[in-house]
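Naming convention: chains lettered A, B, ... in sequence-line order (proteins, then strands); numbering from 1 in each chain.
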4 protein chains.
Amino acid sequence: MVFARNGLERGKIADIANEAGIGKGTVYEYFSSKEDIFIALVEGFFTEMFHDMDALLAMGETPVEKITSLIEYSFKFLEEYLDSEEGESWPIIMEIFSQAIRADASTEMHQAIIRGVRAGVAVFEPILQDGVKASILKPFDIDYFALVVFAALDGLALHYYLQRERFDIKELMITTREIFLNGMLTATGRKELQS
Amino acid sequence: MVFARNGLERGKIADIANEAGIGKGTVYEYFSSKEDIFIALVEGFFTEMFHDMDALLAMGETPVEKITSLIEYSFKFLEEYLDSEEGESWPIIMEIFSQAIRADASTEMHQAIIRGVRAGVAVFEPILQDGVKASILKPFDIDYFALVVFAALDGLALHYYLQRERFDIKELMITTREIFLNGMLTATGRKELQS
Amino acid sequence: MVFARNGLERGKIADIANEAGIGKGTVYEYFSSKEDIFIALVEGFFTEMFHDMDALLAMGETPVEKITSLIEYSFKFLEEYLDSEEGESWPIIMEIFSQAIRADASTEMHQAIIRGVRAGVAVFEPILQDGVKASILKPFDIDYFALVVFAALDGLALHYYLQRERFDIKELMITTREIFLNGMLTATGRKELQS
Amino acid sequence: MVFARNGLERGKIADIANEAGIGKGTVYEYFSSKEDIFIALVEGFFTEMFHDMDALLAMGETPVEKITSLIEYSFKFLEEYLDSEEGESWPIIMEIFSQAIRADASTEMHQAIIRGVRAGVAVFEPILQDGVKASILKPFDIDYFALVVFAALDGLALHYYLQRERFDIKELMITTREIFLNGMLTATGRKELQS
DNA sequence: TATGAATGAGGCTTCATTCAT
DNA sequence: CATGAATGAAGCCTCATTCAT
């Protein structure tokens, strides 16, 4: 994957065409610009991600099981990408965030990414809501809770990628699951908001 | 900050010079290439970050206080950047990670970034070690523990930045602190490594 | 011819493109760098030169006739270039030597030039060999002999070019032919090597 | 010598200053521009050359002795340059010719070089004149004769330099001397001007 | 529909020259 | 006198995009 390997700016249309086995000009039959290709990529990425997540969640029963599933899925997702021939395409997620940050908030690109990120966070919300209802979780603000989990998993993916020679993904997953699950289950609510 | 606003590739030397109030050629009196400027930036960024962290840690007493301090510092760091005139320069951290991922591992740039990241993780390690000694924390692998916390904070910074209109940083900090602190204190060790 | 007029360093790609009636970028469809263009030029120059020489030599009979032909050809070559619209492109030969001297011996450019020069000298060698066999020439070292003649003709071309207002090319050719031919035919061999 | 090593265009003022052990700005106390430095160099080069030649000629007696001396001197000059630490500065002669060819005839640079070249040819003329008077040489046009000899020696210097690994300078000198001296002494005059 | 040759805007970098000290 | 930091003009090269085939 050209953009993953080189970033949006350094990824050349010529390489993309080549990798796709088509001519350079043909690319413009399907996309109107380089940025357009990237946006399609972003959407494809998030679509695939949520599709997998949904399938996964359908299998869990209790909120705790579901949360556990999501954390485990995050690592499996990462692991599979890195193992497969598509491995090189993994860093696309960082490229997406990088572009989101750089791009003007008004651009189509920024919009597409924000849309994806929100959808990601949204996956967690109903699960957490169930947890609160079942009194498993304290009545924290659901959306903050979801953001923390989703964001933390992203950060972990990044740092694991950068230091994958030094860390074992399985053990990292266990540590993460421990901290997060325990953290969520014992967090005592927002009584300290005054600080 | 030119690179923060546009990324390494789109950040023009001309703009950097302009922002510094010097001529385009003058830039090359101090740096030998565009990449060289970026590396200096990376090093400056990490240096500043750790300088602040060290000062902060000196003030805490117990491991719990210190961990709390670090979590709070992460948000303060972020908040201050975003509030100040330097606000626009905050996204540099994402740009750094983005480049780390793209750059060949052999490049000076990659090296510099990895060095910074490791130093960041290393800040947490002695604190966690103390926690284990004091039997406050279970005997998890210290380095995995540290990575999780450091990485999670990075992910949070990113996502908060992207959705800063929708979230309140103070409340986000509280939620984060709750989850992490509780999670760390109640995590029950690696008994599940078999899974 | 841009390089002939200005030299390699001052010859701008933009001018080359312009002269060729194509866009600046199009140049890079055919050559990968400025130096690459120059190398192609060098090779074209020598190729053309030797092609003409070969045709010429086929027409002579005796060694003396052939040597005479070569000397005359050198001047004709020069004369034609200077008269034609290509006239301005003649100095390319000096540019070639100039670059040969400057360029590091390991460069492709240097190699290409040395190859050409040796080929030039080599044209003379079989002719001189025949002359020696026929006892017309004394048994001087053929390669030294060839170098002297080839080199001298190059020097003459240069100096004639610089002072072409003051000298008549026809008469210069006659003087040259006289001196060289007589010199070669009467040179008495290397008995003086002791000096 | 910076210009010899790199050519006029690639020779940097900074290097010249450095080699001279002075500051970059100081160069402009003595010369008004880069071209100005080069012109001074040209003049110094020719001055030195003719100074040596004059000394040499004073020692010869007969025209033949003098011509022999000049030919031998040319090689000695070359040899000494190449052997000495100044060796690297030899190619300056080719750089001079190269610039002469490129420069517009109206420039000061061109003028200076042409002046030098003419002076070089002029050294030969009185000697040849003596030879004609003494009936040793046929009544060829003196200036053409002189040009041929001077130019040929230049060409030899160039080619020897380029292939100095393959040729022995002493033997090259002998071959040259043989051909030229015999050629000059036996050339039968311009009766063939009709061709 | 598919192509890839042609294009030129744009950016990094070099370096002769200036000038305040 | 000597200096070298500062400068910006200038040039090589890249590459997204176009368009004739």
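Atom CG in D:D36 sits roughly 14 Å away from atom P in E:dA16 (whole-Å rounding). Between B:I22 atom CD1 and F:dA5 atom C1' the separation is 11 Å, expressed in whole Å. The CD-P distance, from C:E29 to F:dT17, rounds to 17 Å in whole Å. With rounding to whole Å, A:F31 atom CZ is found 16 Å from E:dT1 atom C1'. Rounded to an integer number of Å, the gap from CD of A:E35 to P of F:dA16 is 13 Å. In this entry the distance linking CZ of A:R10 with P of E:dC12 reads 11 Å, nearest Å. Spacing between atom CD of A:E9 and atom P of E:dG10 amounts to 17 Å, rounded to whole angstrom units. Distance, A:I13 CD1 to E:dA5 P: 17 Å, rounded to whole Å.
Between C:T26 and B:G25, the residue anchored closer to the 5' end of DNA chain F is B:G25, taking for each the nucleotide with the nearest heavy atom. The 5' end of DNA chain F is approached more closely, in terms of each residue's nearest nucleotide, by B:G23 than by the other of C:S33 and B:G23.
If you check every strand for non-hydrogen atoms under 4.0 Å, B:Y30 touches sugar and phosphate atoms only. The residue D:G21 sits apart from the nucleic acid: no heavy atom pair falls under 4.0 Å. Using a 4.0 Å heavy-atom distance criterion, B:K24 is classed as a base contact.
Between D:E108 and D:R115, at least one side-chain nitrogen of the basic residue sits less than 4.0 Å from a carboxylate oxygen of the acidic one, meeting the salt-bridge criterion.
For the residue pair D:I114 and C:L162, the shortest heavy atom distance occurs at CD1-O, 3.6 Å. Annotation for B:M109 and B:L8: closest pair CE-CD2, 3.6 Å, computed over non-hydrogen atoms. Residues B:H110 and B:D104 approach most closely at CB-O, 3.3 Å, considering heavy atoms. Residues C:V2 and C:K12 come closest through the heavy atom pair CG1-N, 3.9 Å.
Listed candidates were E:dT7, F:dT17, E:dA16. Nearest to the side chain of A:Y28 is F:dT17.
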Practice item. Fill in the dot-bracket string of DNA chain E, one character per base: . for unpaired, | for a pair to another strand, ( ) or [ ] for pairs within the strand, taking Watson-Crick or G-U pairs under 3.5 Å. Key: .||||||||||||||||||||
Review point. A:F31 and A:I39: side chain to side chain contact (heavy atoms under 4.5 Å, CB included), yes or no, with the steps?
Key: CA-CA 10 Å; A:F31 302 97; A:I39 291 171; over 6 Å; no
Practice item. Take C:H159 and D:V117 through the side chain to side chain contact (heavy atoms under 4.5 Å, CB included) test and state the conclusion after the steps. Key: CA-CA 8 Å; C:H159 280 272; D:V117 171; 3.5 Å; yes
